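Worksheet: one structure, shown below.
Because the structure is predicted, anything quoted here is derived from the model rather than measured.
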Amino acid sequence: MPIAFSVPGDPVPQPRPRVTTRGGHGHAYTPKSHPVHAYRQAVASAARAAGAGVHGDAVELVLDFVFARPKSHLRKNGLAPDAPRWPRKDIDNLQKSVMDSLNGICWEDDSQVIRVVASKSYGTEARTVVRIS
């Protein structure tokens with residue numbers, strides 16, 4: 001059963017893990033203060049509200065990451081000539097934060113995702129649009 005939902009706000013990419021040692025063993029973690037945690041909760045909540053359910057089938061995923069254009073990119077007469085055409089966030093890290101947040105909600109594990117189509121752009125309203133089939 002296909003589902004679609006939107007998460008308001010700027011998309012947050014999954015950061016590189018921090019590494020520390022405990023008792024002579026390496027331990028990778030994401031700092032608790034990182035905004036990816038709140039973003040992942042928002043994605044999970046939106047999926048539940050859209051009626052997502054866990055199943056064991058293969059999944060196709062379409063992701064649209066829309067960022068609010070910073071005011072520094074704009075001039076009185078429109079877009080600044082040196083303004084970037086697309087956001088600098090890495091699309092693979094954006095995908096990872098969404099896919100990890102949907103583990104146990106839309107699928108058992110993100111290894112069930114067999115196809116991903118993702119895009120990133122600037123828009124008037126920041127959001128993440130997710131379509132699952």
Go through it in stages, so that I can follow the logic: the residues are W107 and D57, the test is side chain to side chain contact (heavy atoms under 4.5 Å, CB included), and I'd like the CA-CA distance, side-chain angles, deciding distance and then a yes or no.
CA-CA 8 Å; W107 47 71; D57 298 335; over 6 Å; no
With a 4.5 Å cut-off on side-chain heavy atoms, are V116 and Q95 touching?
yes
Nearest heavy-atom contact between Y122 and R85 is CD1-O, 4.0 Å
Roughly how far, to the nearest 0.5 Å, is the OG atom of S45 from the CZ atom of R40?
13.0 Å
Side-chain heavy atoms of V98 within contact of T128, under 4.5 Å:
yes
Could you please spell out the steps behind the side chain to side chain contact (heavy atoms under 4.5 Å, CB included) verdict for C106 and I3?
CA-CA 10 Å; C106 294; I3 65 165; 4.2 Å; yes
With L61 as reference, evaluate Q112, M99, R131 under the side-chain contact (heavy atoms from CB on, under 4.5 Å) test and give the passing residue.
M99
Taking it one step at a time, do V129 and L63 satisfy side chain to side chain contact (heavy atoms under 4.5 Å, CB included)?
CA-CA 6 Å; V129 179; L63 302 168; over 6 Å; no
Grab the two heavy atoms, one from G104 and one from V54, that are nearest each other, plus how far apart they are.
O-CG2, 3.0 Å
Between the side chain of R127 and the main-chain N/O of E125, is any donor-acceptor distance below 3.5 Å?
yes
Is it the case that the side chain of D10 and the backbone of A68 share a donor-acceptor pair, with hydrogens and angles ignored and the cut-off at 3.5 Å?
yes
If every non-hydrogen atom of S97 is compared with every non-hydrogen atom of V36, which pair is closest and at what distance?
CB-CG2, 3.9 Å
With sequence neighbours left out, which residue pairs that include part of residues 35-65 fulfil the ring-ring contact (aromatic ring centres under 6.0 Å, His included) condition?
none
Rounded distance [0.5 Å steps], CG in D110 versus OG in S101:
9.5 Å
Report whether V12 and V66 are members of the same hydrophobic cluster (ILVMFWY, side-chain heavy atoms less than 4.5 Å apart, transitive linking).
no
For L94 and P13, work out which heavy atoms get closest and say how close.
CD2-N, 3.7 Å
Are there over 12 heavy-atom neighbours, none belonging to R75, within less than 6.0 Å of that residue's CZ?
yes
Could you pull out the closest heavy-atom pair between P84 and R69, with the gap in Å?
O-NH1, 3.1 Å
One thing to verify: whether D100 and K96 come together as a salt bridge, which I'm taking to mean a side-chain N less than 4.0 angstrom from a carboxylate O.
yes
pair H73-L79: side-chain heavy atoms closer than 4.5 Å
yes
Determine the minimum heavy-atom distance between I114 and E60, stating which atoms define it.
CG1-CG, 4.2 Å
Output yes when a side-chain donor or acceptor of D90 lies under 3.5 Å from a complementary backbone atom of D92, and no otherwise.
no
Should F5 and V113 be counted in the same cluster of Ile, Leu, Val, Met, Phe, Trp and Tyr side chains packed under 4.5 Å apart?
yes
In residues 23-31, what donor-acceptor pairs under 3.5 Å come from side-chain atoms, sequence neighbours left out?
none

